[in-house]
Chemist: 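To start, I am sharing the structure in question, which I have written as structure tokens.
Because the structure is predicted, anything quoted here is derived from the model rather than measured. The analysis underlying the following values was restricted to heavy atoms, covering all of them including side chains, and did not include hydrogens, waters or symmetry mates.
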Amino acid sequence: GTVDPIRDAELINLELAFADLAQVESRLQRIKKDRKADPAEGRALEKVLAVLEAEKPARFAELDEDEEKAIKSLGLLTRKKMIYAANVADSDLATGNEMVEKLKEVAEAEGAKVVVVSAQVEAELVELDDD
């Protein structure tokens with residue numbers, strides 16, 4: 001295949017969003033049947049559901065403190081902060097490259113960060129430790 005970090009990031013984010021969507025829908029169905037359910041949880045789940053259905057990560061849902069607490073135990077994947085790791089050749093480690101710049105644009109739009117790493121350099125460092 002081809003190297004396309006934007007496509008890869010979008011695919012991973014989509015898979016995470018589907019997992020969150022399934023969990024939110026399931027939980028919403030359960031609390032609608034439960035008369036003792038926390039109203040803050042219901043509000044939070046409705047907000048998160050709307051954001052996920054708009055193809056955005058759950059972290060974009062604006063929740064108040066009570067709503068945040070009510071759904072914290074769900075551990076929604078797209079509610080967590082995101083860090084992208086861009087694996088580059090050792091020659092691009094200091095400055096990055098065009099693909100890293102594109103990934104930074106995507107990350108910035110999501111409020112995420114990008115860390116530039118070189119698996120090649122890491123592997124060489126591990127080998128040095130063995131000597």
Chemist: Linking I/L/V/M/F/W/Y whenever their side-chain heavy atoms sit closer than 4.5 Å, directly or via other members, would Leu14 and Phe60 fall into one cluster?
Modeler: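 No, it is not one cluster - the side chains of Leu14 and Phe60 are not joined through contacts under 4.5 Å.
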
Chemist: Let me check something: do Leu76 and Leu16 share a hydrophobic cluster, defined by ILVMFWY side-chain heavy atoms less than 4.5 Å apart, either directly or through other members?
Modeler: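 Unlinked, Leu76 and Leu16 end up in two clusters.
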
Chemist: Looking only at heavy atoms, what is the nearest atom pair of Asp38 and Ala70, with distance?
Modeler: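 It is OD2-CB, 3.7 Å.
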
Chemist: Could you tell me the separation between the OH atom of Tyr84 and the CG atom of Asp8, rounded to the nearest 0.5 Å?
Modeler: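 Between atom OH of Tyr84 and atom CG of Asp8 there are 11.0 Å.
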
Chemist: If you compare all heavy atoms of Gly75 against all heavy atoms of Lys80, which two are closest, and at what distance to 0.1 Å?
Modeler: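 It is O-CE, 4.0 Å.
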
Chemist: Under the criterion salt bridge (Lys or Arg N to Asp or Glu O under 4.0 Å), I'd like the reasoning laid out for Glu65 against Lys69: C-alpha separation, chi angles, the key distance, then a yes or no.
Modeler: CA-CA 6 Å; Glu65 191 176 323; Lys69 284 180 186 175; 3.5 Å; yes

Chemist: Mind checking whether Leu28 and Val51 sit in one hydrophobic cluster, side chains of I, L, V, M, F, W, Y counted as touching below 4.5 Å?
Modeler: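 In one cluster with Leu28: Val51, no.
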
Chemist: Of all residues at least two apart in sequence or in a different chain, which pass the side chain to side chain donor-acceptor pair (under 3.5 Å) check with Gln23?
Modeler: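 Listed in chain order: nothing, the list is empty.
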
Chemist: So how far is it from Asp4 CG to Leu11 CG, rounded to the nearest 0.5 Å?
Modeler: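 Asp4 atom CG to Leu11 atom CG measures 10.5 Å (nearest 0.5 Å).
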
Chemist: Donor-acceptor pair, distance only, cut-off 3.5 Å: does the side chain of Glu108 make one with the backbone of Glu105?
Modeler: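 No, Glu108 side chain to Glu105 backbone: no donor-acceptor pair under 3.5 Å.
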
Chemist: Pick from Lys32, Lys36, Arg27: which one makes a salt bridge (charged side-chain N to carboxylate O under 4.0 Å, His left out) with Glu41?
Modeler: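 Output: one option passes, namely Arg27.
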
Chemist: Distance check, rounded to the nearest 0.5 Å: Glu110 atom CD versus Met82 atom CE?
Modeler: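 Going from CD on Glu110 over to CE on Met82, the span is 6.0 Å.
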
Chemist: Please walk me through it: do Val88 and Val117 pass side-chain contact (heavy atoms from CB on, under 4.5 Å)?
Modeler: CA-CA 6 Å; Val88 298; Val117 297; over 6 Å; no

Chemist: Is any side-chain N of the basic residue among Lys72 and Glu68 closer than 4.0 Å to the acidic one's carboxylate O?
Modeler: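 Not counted as a salt bridge, because no side-chain N and carboxylate O are separated by less than 4.0 Å.
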
Chemist: Is the backbone N or O of Thr78 less than 3.5 Å from a side-chain atom of Asp20, with the two atoms forming a donor-acceptor pair by type?
Modeler: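 Yes.
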
Chemist: Within the structure provided, determine whether Asp64 and Arg43 are in side-chain contact (heavy-atom separation under 4.5 Å).
Modeler: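 The answer is yes; the side chains approach within 4.5 Å.
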
Chemist: Regarding Glu98 and Lys102, does a basic nitrogen lie under 4.0 Å from an acidic carboxylate oxygen?
Modeler: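 Answer for the salt bridge query: yes.
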
Chemist: Atom CD of Glu55 and atom CG of Leu21: how far apart are they, to the nearest 0.5 Å?
Modeler: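 CG of Leu21 is found 10.5 Å from CD of Glu55.
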
Chemist: Taking all atoms of both residues into account, what is the closest heavy-atom pair of Arg79 and Ala58, and its distance?
Modeler: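 In this case the closest contact between Arg79 and Ala58 is NH1-O, 2.7 Å.
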
Chemist: In this structure, would Ile31 and Leu49 fall into the same cluster of hydrophobic residues linked by side-chain contacts under 4.5 Å?
Modeler: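 In one cluster with Ile31: Leu49, yes.
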
Chemist: Using the rule that Ile, Leu, Val, Met, Phe, Trp and Tyr join whenever any side-chain heavy atoms are under 4.5 Å apart, tell me whether Leu93 and Val100 fall into a single cluster.
Modeler: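 Yes.
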
Chemist: How about Leu45 and Ile71: do any of their side-chain heavy atoms sit closer than 4.5 Å?
Modeler: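 Leu45 reaches Ile71 side chain to side chain.
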
Chemist: If you look at every heavy atom in Ser118 and Ala89, which pair is closest and at what distance?
Modeler: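 Heavy atoms only, the tightest pair is OG-C, 4.0 Å.
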
Chemist: Of the non-hydrogen atoms in Leu103 and Ala86, which two are nearest, and what is the gap between them?
Modeler: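 That closest heavy-atom pairing would be CD2-CB, 4.0 Å.
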
